[in-house]
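Letters A, B, ... are given to chains in the order of the sequence lines, protein chains preceding strands, and every chain is numbered from 1.
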Amino acid sequence: MKSKPLPADPMIRELIRRAQNSTMNRRTLLSGAAVGATGLALAACSTGPDELTAAPDTSDTNKKIRWDNWALYVDIDDAGGYPTIEAFEAQTGISVEYTEAVDDNNTYYAKVKDQLSLGKDIGADAVCLTDWMVARLIRFGYTQKLDHANMPNVANLIPSLQDVDFDPGREHSVPWQGGFAGIAWNKEQLPNGIKSVKDLWSPELKGRVGVLSEMRDTMGLIMLDQGVDIEGKWGDDEFNAAIDEFTKQVSDGQIRNIKGNAYKEDLVNEDTLAAIVWSGDIVQLNAENGDKWDFIVPEAGGTLWNDNFMVPIGSGAKSNVEEMINYYYDPAVAAEVAAYVNYITPVVGAKEAAAAIDPELANNNLIFPDEETLSNAYVFRGLDNSEEQKYNAAFQSVLLGSV
Amino acid sequence: MAFAAFSSSTAPAAADTSRKKSPVALLLLLPGILYLVLFFLTPLISLLLTSLKAPSEFGDFGEFSYAFRWENYVDVVTAYWPHIMRSFGYAITATFFALIISYPLAYFIGVKARRWPLLQSLALVLIIAPFFISFLLRTLAWKQLFSDESFLVTSLKAISVLAPDAHVTGTAFSVIFGLTYNFIPFMTLPLYTTLERLDVRYLEAGSDLYASQFHVFRKVTIPLSMPGIVAGTLLTFIPAAGDYINASREFLGGTGTQMIGNVIEANFLVLQNYPAGAALSIILMTAILVIVSIYVKKSGTEELL
């Protein structure tokens, strides 16, 4: 469009001139704004102090806990209340704001990491995350040191979890619930059942197998199947052998899909007939959809993981949280939670307490596993920084189909 | 160059004329400019700076420091070019199908149904009604409909349209289907608004001049509805190219159908590789801007936008 000659009317000429003038001003203003925005952008990204200090504890004056946890991970009654939390509130006068804010370790971390790195409050005083993520948070100094004198009941913690490599002496984290990753299958469609990861690769199951998008569980099971001790000193060779197998099964179309929590829908609508799954989910799926699935920890071994309480660096309610942890380590309370969530409770004596509520519950091997089941479950060893990057990248590139 | 396509290109001719300020205009502009600076310009610059970051020397997982590491762009293009191509391939295909489906629909509502205003508004409601339900729920519903044991898929297998071991979910078909389905109203509504104003006397005039029906459609209807076509295709193509819900493994996609949005998500949320995610976002933005500006120039409708 070419600029037209100005009309003859002097008044209109003047108006147009003014309008053009103000465009000029807008331009200068905009360029000034751009400079300001650069400054803002830089300020927003500035890095925080290296050494983080815990926020002062105001538990005595502020009787409040904000607790972020996974979905369906504490007892819920029909009215939507949380019986054990309500009992704790009545007992101690501390109010608990319970939020189902965690649906994935990585996404939760991505949400709060900037505040954590500045030592700021993340809007939660207690968070339950999985071992490896807690390991990362402890390594970064993002968690507060817990005082075991305030939590005498934690002596009930089962011995195998008292000393873990990422947190010797449990100074920064205390287990909440744990579980296995193993194999589940549709009993109606596969009456012969599944015994090992190799059975998942059988031709009849082509395109009907699901695996978890949690690297440590899927890779852990495949590595165990290949005879690797995932708790021991394995390295790139063992991981690469497993990722090659995994890549092959994905590109051949044997594995239908790789999912997080949503794998349950695929089992229900029968897109997948067998899958690598988390133990507690199958108990719940069977309760909701009729007893349709079976679960085993394969003979070669399954993975065992725990979700752990930790207090973020910016929280001012550490003593309150310690009081709550202490409460949940009472075997009777632990049994009440276990009866609802169907995962493994780490509290010694909870089984006996559960037997008093419901003997069948106490005999459920997935909630109160016996020695034999436990001896077959392994914890994926801790990864250092470069391993975590390397293995995550390799696993994600299979998920993104770029291998 | 890309921006030039959109600007009305009035040359800053009268720059030297009187320098009188108009404080009222500035004052009125201020809130808008502040908004743009705070919520558009700042994040954009932050994104650009992030895309050039390098891993910190002794840093832990997900720690990066400011640098000028332009190789990030080379790295992501080498690693993810199939996803970039796939995104645009899927988006163009979905836009094409949305246009094919929407045009007759919009023509019917906007031109043929003019005599029955009630029918017109009813049809419009039917197009918009699904949007009262969440995008995610609708996509999940399709996932159920397309599942292996669903009525639809088992019937198609029974009449041998699908091979016995074929799947629908997790394939390119289901992703493109989802994109088309989810963005169709963005195509139909702009088409409807232009076709609704179409003066049928032009079509009659065309016929009076012995043009065939097809000729009238091609020479009269299409050019007159061009603004709607351009707006509709843009409104469909741009969000479709960046979409990551339909192609997500949790919804209609699989490992073989991941689009650029899924790659960006994985880099930001799982791999904590912010520079790669940021570089991909900038590439996506630039690519869309270039494609759209070429399209707008070629279709010669910049004055209609």
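- Between Asn72(B) and Pro275(B) there is a side-chain heavy-atom pair separated by less than 4.5 Å.
- Within 6.0 Å of CE on Met285(B) lie more than 12 heavy atoms contributed by other residues, nucleotides or ligands.
- For chain B, the nearby part of Lys113(A) is the side chain; its heavy atoms alone come within less than 4.5 Å.
- Here the straight-line distance linking atom OH of Tyr109(A) with atom CD of Gln272(B) works out to 5.5 Å at 0.5 Å rounding.
- Asn246(B) and Asp243(B) share a side-chain donor-acceptor pair at under 3.5 Å.
- Between the side chains of Trp305(A) and Glu214(A), no donor N or O sits under 3.5 Å from an acceptor N or O.
- When heavy atoms are compared at a cutoff of 4.5 Å, Tyr274(B) approaches chain A solely by way of its side chain, counted from C-beta outward.
- Taking non-hydrogen atoms and a 4.5 Å limit, the residue list of residues 265-272 of chain A in contact with chain B, ordered by number, reads Glu265(A), Asp266(A), Asn269(A), Glu270(A), Asp271(A).
- For Asn392(A), the parts sitting under 4.5 Å from any heavy atom of chain B are the backbone and the side chain alike.
- Annotation: side chain of His83(B) is not in contact with side chain of Val76(B) (no heavy-atom distance under 4.5 Å).
- Between the side chains of Thr130(A) and Asn105(A), at least one donor N or O lies within less than 3.5 Å of an accepting N or O.
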Decide yes or no on salt bridge (Lys or Arg N to Asp or Glu O under 4.0 Å) for Glu250(B) and Lys143(B), but give the supporting numbers first. CA-CA 9 Å; Glu250(B) 314 272 322; Lys143(B) 195 189 113 183; over 6 Å; no

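- We find the OG-NZ distance between Ser293(B) and Lys297(B) to be 8.5 Å, quoted to the nearest 0.5 Å.
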Would Phe177(B) and Trp142(B) satisfy ring pair (Phe, Tyr, Trp, His ring centres under 6.0 Å), going step by step from the backbone distance to the final call? CA-CA 9 Å; Phe177(B) 179 92; Trp142(B) 277 112; 4.7 Å; yes

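- Nearest heavy atom pair, residue Ala67(B) against residue Ala54(B), reads CB-CB, 3.8 Å.
- Counting heavy-atom pairs under 4.5 Å between each of Asp384(A), Ile258(A), Val250(A) and chain B puts Ile258(A) at the top.
- When heavy atoms are compared at a cutoff of 4.5 Å, Leu48(B) does not approach chain A at all.
- Of the atoms belonging to Phe395(A), not a single heavy atom falls under 4.5 Å from chain B.
- The candidate from Lys111(A), Lys206(A), Arg208(A) with the greatest count of non-hydrogen atom pairs under 4.5 Å with chain B is Arg208(A).
- The stretch residues 148-156 of chain B places Asp148(B), Glu149(B) near chain A, each with some heavy atom under 4.5 Å from a heavy atom of that chain.
- In terms of non-hydrogen atom pairs under 4.5 Å with chain B, the most contact-rich of Asn106(A), Asn261(A), Asp104(A) is Asn106(A).
- Salt-bridge formation is detected for the pair Glu387(A)/Arg381(A): a Lys NZ or Arg NE/NH1/NH2 atom is positioned less than 4.0 Å from an Asp or Glu carboxylate oxygen.
- By the 4.5 Å heavy-atom criterion applied to side chains, Val127(A) and Pro312(A) are counted as neighbours.
- Scanning for ring pair (Phe, Tyr, Trp, His ring centres under 6.0 Å) contacts around Tyr391(A) gives Trp234(A), Phe239(A), with sequence neighbours left out.
- Interface with chain A: from residues 254-265 of chain B, residues Gly254(B), Thr255(B), Gln258(B), Asn262(B), Val263(B) qualify, criterion being any non-hydrogen pair under 4.5 Å.
- The CG atom of Asp217(A) lies 11.0 Å from the CD1 atom of Ile222(A); values are rounded to the nearest 0.5 Å.
- A side-chain donor-acceptor contact under 3.5 Å links Thr169(B) and Arg256(A).
- Atom CG in Asn385(A) sits 9.0 Å away from atom CZ in Arg136(A) (nearest 0.5 Å).
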